[in-house]
There are 4 protein chains.
Amino acid sequence: MSDHDLKIDELMDGEELTEKQKKIIISAIESFAEKGYSATSTSEIAKKAGVAEGTIFRHYKTKKDLLLAIVAPVMAKFVAPFIIKDLNKVLHQDYEHFEDFLSAMLKNRRDFLVKNLATVKILVQEIPLHPELKELFKEHIALKVYERFEKIVEHYQANGQIIEIPAYSVVRMTFTSIFGYLIARYMLLPEAEWDDEAEAERTIQFIMHGLAGPNSSKN
Amino acid sequence: MSDHDLKIDELMDGEELTEKQKKIIISAIESFAEKGYSATSTSEIAKKAGVAEGTIFRHYKTKKDLLLAIVAPVMAKFVAPFIIKDLNKVLHQDYEHFEDFLSAMLKNRRDFLVKNLATVKILVQEIPLHPELKELFKEHIALKVYERFEKIVEHYQANGQIIEIPAYSVVRMTFTSIFGYLIARYMLLPEAEWDDEAEAERTIQFIMHGLAGPNSSKN
Amino acid sequence: MSDHDLKIDELMDGEELTEKQKKIIISAIESFAEKGYSATSTSEIAKKAGVAEGTIFRHYKTKKDLLLAIVAPVMAKFVAPFIIKDLNKVLHQDYEHFEDFLSAMLKNRRDFLVKNLATVKILVQEIPLHPELKELFKEHIALKVYERFEKIVEHYQANGQIIEIPAYSVVRMTFTSIFGYLIARYMLLPEAEWDDEAEAERTIQFIMHGLAGPNSSKN
Amino acid sequence: MSDHDLKIDELMDGEELTEKQKKIIISAIESFAEKGYSATSTSEIAKKAGVAEGTIFRHYKTKKDLLLAIVAPVMAKFVAPFIIKDLNKVLHQDYEHFEDFLSAMLKNRRDFLVKNLATVKILVQEIPLHPELKELFKEHIALKVYERFEKIVEHYQANGQIIEIPAYSVVRMTFTSIFGYLIARYMLLPEAEWDDEAEAERTIQFIMHGLAGPNSSKN
DNA sequence: CATGAATGAGGGTTCATTCAT
DNA sequence: CATGAATGAACCCTCATTCAT
């Protein structure tokens with residue numbers, strides 16, 4: 001409980017949340033993640049939160065506002081590490097090698113995912129269904145993150161650590177591999193047994209060197 | 001129209017579909033893909049299909065039955081290429097190199113995705129929300145496909161074309177890369193300009209050799 | 001089956017019933033008796049009868065027509081014994097004593113009830129709910145039967161076998177006792193163990209002499 | 001109106017009923033009694049009650065719950081006079097003669113019926129159609145009432161006021177006569193002219209001494 | 001602030017009935 | 001004759017939202 005509260009407060013920073021509001025948010029997250037926004041009724045959320053139906057609407061004018069209140073901060077937190085003002089500087093000094101940068105990013109985003117599993121699930125599931133969300137996502141996340149990441153890629157290409165292919169391809173493949181791993185790990189097969197350290201390492205190595213074995217050459 | 005019909009008939013093979021049934025399915029696919037199953041009303045589907053609402057329920061006992069009627073065949077078609085009885089034999093003879101196999105698979109599944117874009121979207125979106133679908137997916141797709149794929153991987157590992165890491169990691173990373181590409185290309189950023197041949201080739205090369213440039217070595 | 005058919009044919013005399021019509025009637029009777037007219041759907045009847053939905057409406061223009069087709073003949077059969085043209089004559093000669101007449105009537109109507117249990121149930125249940133039925137009942141049954149019965153009562157009062165109270169009271173109390181017995185026996189508690197002969201006899205004796213024991217006098 | 005309210009409140013004792021709830025109950029009783037439960041729509045009840053349809057379902061989860069809310073208290077009230085704890089004692093002292101007991105019961109139950117005419121109609125009509133109601137009725141009414149009544153009968157048999165036939169026959173015939181009268185009077189032919197006191201008295205006399213006139217003897 | 005009764009539009013589904021085959 | 005696909009009104013019920021308390 002206090003554990004949950006902490007996370008909620010942390011996510012919703014800036015806002016002062018009453019006790020009831022917190023319970024509403026927590027219940028909504030749970031239900032939205034499990035059954036989807038559309039299949040979750042406000043009365044259900046109210047009941048689960050131990051709150052009157054009207055109370056929800058005192059804090060969030062509409063049901064969709066409640067969704068946004070949940071989803072928007074996750075987007076913000078998700079972008080944050082990529083747009084810290086002096087990211088470039090920091091990066092170059094901290095991570096001499098692309099490999100190290102990848103490793104750091106994977107771990108950093110993994111921590112985030114673990115902390116915000118349900119909320120990210122909602123994000124992923126609802127974005128394609130709500131044009132407003134899609135827009136929000138494109139503007140605030142996709143573009144900003146992509147811009148930063150492109151610069152990073154170009155930096156590592158400039159010093160020969162990454163092959164010379166279009167930056168957007170590099171970005172796509174890197175993201176695909178890292179988030180493909182995280183999604184498989186935490187969302188598709190969370191109940192399987194995972195050797196997290198080994199898989200993370202393998203994923204990084206895969207991004208760097210692929211799967212080719214000694215006899216892979218075609219000629 | 002006749003174009004659409006063809007695709008529907010092809011997908012729902014085995015079943016004899018009346019004209020009205022086809023219209024219902026087509027309308028349902030469109031709406032489910034756009035707004036999600038839960039947010040789509042049967043009356044809306046009926047209107048779009050130019051059919052009385054009762055007609056839907058003559059053919060599909062419940063709304064969920066309609067969803068299953070749409071989603072089940074896609075699953076079947078999706079698995080099909082992986083479980084052709086003599087897949088192994090064929091593969092070994094046709095694709096001397098893993099690279100060629102990957103390329104073939106990517107193209108094959110890409111064609112499938114292009115043809116069934118909306119339906120696959122529905123599949124991807126609804127699976128996490130419906131336990132029955134999740135079960136169906138696990139049994140019929142995940143397991144069967146994985147089994148086959150694992151054998152293929154082991155075959156190419158045996159002759160040294162793939163590095164010796166756990167087969168499931170190879171499978172995960174391969175799938176992640178290929179479907180990551182397809183999802184980005186056709187579902188997330190379909191409106192961007194894509195040089196499909198080049199991206200496909202890059203993706204294959206990435207899977208084989210990763211991103212490492214000449215100076216990537218850390219020591 | 002052939003047993004059932006016989007009874008149906010017998011009840012619906014005059015009409016030529018096709019095989020399907022008979023099945024429809026039988027199914028309708030079963031369902032109407034069990035769940036009531038209103039709660040029984042035509043599709044349910046069709047299914048139970050092994051007949052297409054449309055077939056019902058070929059024979060009976062509306063659902064209510066089907067009800068009437070079932071209920072009207074029972075009314076007719078029910079009245080029949082009371083309005084045989086020469087009832088009076090017959091009676092006077094056959095039954096010197098009122099007691100014997102009662103006994104005959106009880107047995108006669110009991111046989112009828114046993115044969116038409118479900119249909120009578122429907123009759124009893126639906127009459128209060130359908131003004132047309134109520135009208136039918138009043139005109140064809142209540143009045144005609146009452147008239148005859150009144151004459152009979154007056155006859156037995158004239159020769160001192162029945163006390164001199166208003167005929168309608170005699171009719172009411174007689175009917176109440178006889179049908180009260182039959183309803184209890186066959187409709188309310190059919191599963192209890194009944195000594196039919198003894199109960200019938202007791203009922204007749206009750207009508208004749210009441211319950212008073214030797215010390216019943218109040219003064 | 002205030003008259004109606006009184007009766008409703010009295011019937012639904014224990015429950016606090018809002019104004020709207022009362023209107024719903026009153027409307028439902030009216031419609032159920034007239035057309036039967038199954039043929040009455042919730043929208044019709046709502047309209048008649050001057051209430052939104054949703055309001056009905058806020059107070060009664062289902063339509064059947066509404067039926068039960070109406071019917072259950074009538075059952076309870078109906079049994080009540082029979083199961084007053086010290087019924088036996090009271091009876092024996094108050095009613096030296098069975099005849100007086102009968103007379104008291106008839107009047108008592110008549111008052112009840114007059115007050116709850118519509119509701120009893122519903123009860124009588126719906127019990128055969130709903131297994132739950134049938135069960136409720138058997139457990140709470142039939143059994144409890146029968147037990148008490150049997151004891152009373154045995155008491156009057158012991159002192160010779162009632163002839164020595166099986167108690168259940170006495171019970172059946174007494175009930176049949178009394179309720180046969182009440183049903184005829186208030187449910188079948190309410191619009192006829194009745195001399196209530198005379199009919200009541202005749203009914204009691206009938207139960208006590210039957211219909212036999214001076215020349216009724218068969219030998 | 002919090003409540004929960006009230007709303008009425010709309011949800012999925014069933015209905016009696018029609019009609020082309 | 002018999003069929004069963006098609007209909008659209010009506011069914012019971014749930015919904016997001018409002019507002020007097």
Side-chain angles (χ1 to χ4, degrees), chain A residues 18-21 23-24 37-47 49-66, chain B residues 18-21 23-24 37-47 49-66, chain C residues 18-21 23-24 37-47 49-66, chain D residues 18-21 23-24 37-47 49-66:
Chain A
T18 70
E19 207 54 40
K20 304 231 170 201
Q21 250 184 100
K23 279 195 202 140
I24 290 169
Y37 167 79
S38 208
T40 301
S41 76
T42 49
S43 83
E44 183 192 336
I45 295 171
K47 202 176 296 166
V51 156
E53 300 195 40
T55 308
I56 293 178
F57 291 91
R58 176 153 301 281
H59 293 288
Y60 307 95
K61 254 208 317 275
T62 65
K63 191 187 169 194
K64 185 150 272 176
D65 280 0
L66 175 57
Chain B
T18 70
E19 206 54 38
K20 304 233 169 201
Q21 248 183 101
K23 281 195 205 139
I24 291 168
Y37 167 80
S38 220
T40 301
S41 75
T42 50
S43 85
E44 185 192 333
I45 296 171
K47 207 172 293 167
V51 155
E53 206 172 348
T55 306
I56 294 178
F57 291 93
R58 172 156 297 277
H59 294 290
Y60 307 95
K61 268 213 290 283
T62 64
K63 192 188 169 193
K64 188 153 266 175
D65 277 1
L66 175 57
Chain C
T18 70
E19 206 53 39
K20 304 231 169 201
Q21 252 183 97
K23 280 194 203 143
I24 289 169
Y37 167 81
S38 208
T40 301
S41 75
T42 49
S43 85
E44 183 192 335
I45 296 171
K47 202 176 294 166
V51 154
E53 299 195 42
T55 307
I56 293 178
F57 291 91
R58 176 154 302 279
H59 294 289
Y60 308 95
K61 252 205 323 270
T62 65
K63 191 188 169 192
K64 186 151 269 174
D65 280 0
L66 176 56
Chain D
T18 69
E19 207 53 41
K20 306 233 168 201
Q21 247 182 103
K23 281 195 203 142
I24 291 168
Y37 167 80
S38 222
T40 301
S41 75
T42 48
S43 86
E44 186 191 333
I45 297 171
K47 207 172 294 166
V51 155
E53 205 172 347
T55 306
I56 294 179
F57 292 94
R58 172 158 297 278
H59 293 291
Y60 307 95
K61 268 213 289 284
T62 64
K63 192 189 167 193
K64 187 151 266 175
D65 278 2
L66 176 56

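The shown structure was predicted, so the numbers you read here are calculated from the model rather than taken from an experiment. Both backbone and side-chain heavy atoms feed into the values below; hydrogens, waters and symmetry mates do not. Every chain is numbered from 1 and lettered A, B, ... according to where its sequence line falls, protein lines coming before strand lines.
- Nucleotides of DNA chain E that come within less than 4.0 Å of any heavy atom of chain A span, from the 5' end to the 3' end, E/dC1 to E/dG4.
- Dashed line: the shortest gap from a side-chain N or O of D/T42 to OP1 or OP2 of F/dC12 is under 4.0 Å.
- Rounded to whole angstrom, the span from the NZ atom of D/K64 across to the P atom of F/dC11 amounts to 17 Å.
- In this structure, D/A39 and C/G50 both approach DNA chain F, and ranking their closest nucleotides by distance from the 5' end singles out C/G50.
- Pairing for E/dT21 is with F/dA2, a Watson-Crick or G-U wobble pair whose two hydrogen-bonding atom distances lie under 3.5 Å.
- Each of C/K63 and B/S38 lies near DNA chain E, and the nucleotide nearest B/S38 is the one positioned closer to the 5' end.
- Annotation for C/K61: atom NZ does not count as buried by contact number, only 12 or fewer foreign heavy atoms lying within 6.0 Å.
- Within a 6.0 Å sphere centred on NZ of A/K47, other residues, nucleotides and ligands contribute 12 heavy atoms or fewer.
- C/K63 is not listed as a side-chain neighbour of C/I45, based on a closest heavy-atom distance of 4.5 Å or more.
- With a cut-off of 3.5 Å on both pairing distances, the Watson-Crick or G-U wobble partner of F/dG8 is E/dC15.
- Between atom CZ of residue B/R58 and atom CD1 of residue B/I24 there is a gap of 11.0 Å, rounded to the nearest 0.5 Å.
- Between A/S38 and B/A39, the shortest heavy-atom contact is OG-CB, 3.2 Å.
- A donor-acceptor pair is defined here as one N or O able to donate and one able to accept, closer than 3.5 Å; no such pair exists between the side chain of C/E53 and the backbone of C/S43.
- Whole-Å rounding puts the A/E53 CD to F/dA16 P distance at 9 Å.
- In this structure, the NZ atom of D/K47 is 11 Å from the C1' atom of F/dA10, given to the nearest Å.
- Each of D/Y37 and D/R58 has a nearest nucleotide on DNA chain F; the 5'-most of these lies closest to D/Y37.
- As judged by a 4.0 angstrom heavy-atom cut-off over every strand, A/T40 is placed among residues touching the sugar-phosphate backbone only.
- One finds the CD1 atom of B/I56 at 11.5 Å from the NZ atom of B/K20 (value rounded to the nearest 0.5 Å).
- Across all strands shown, B/T55 has heavy atoms under 4.0 Å from base atoms, whether or not it also approaches the sugar-phosphate.
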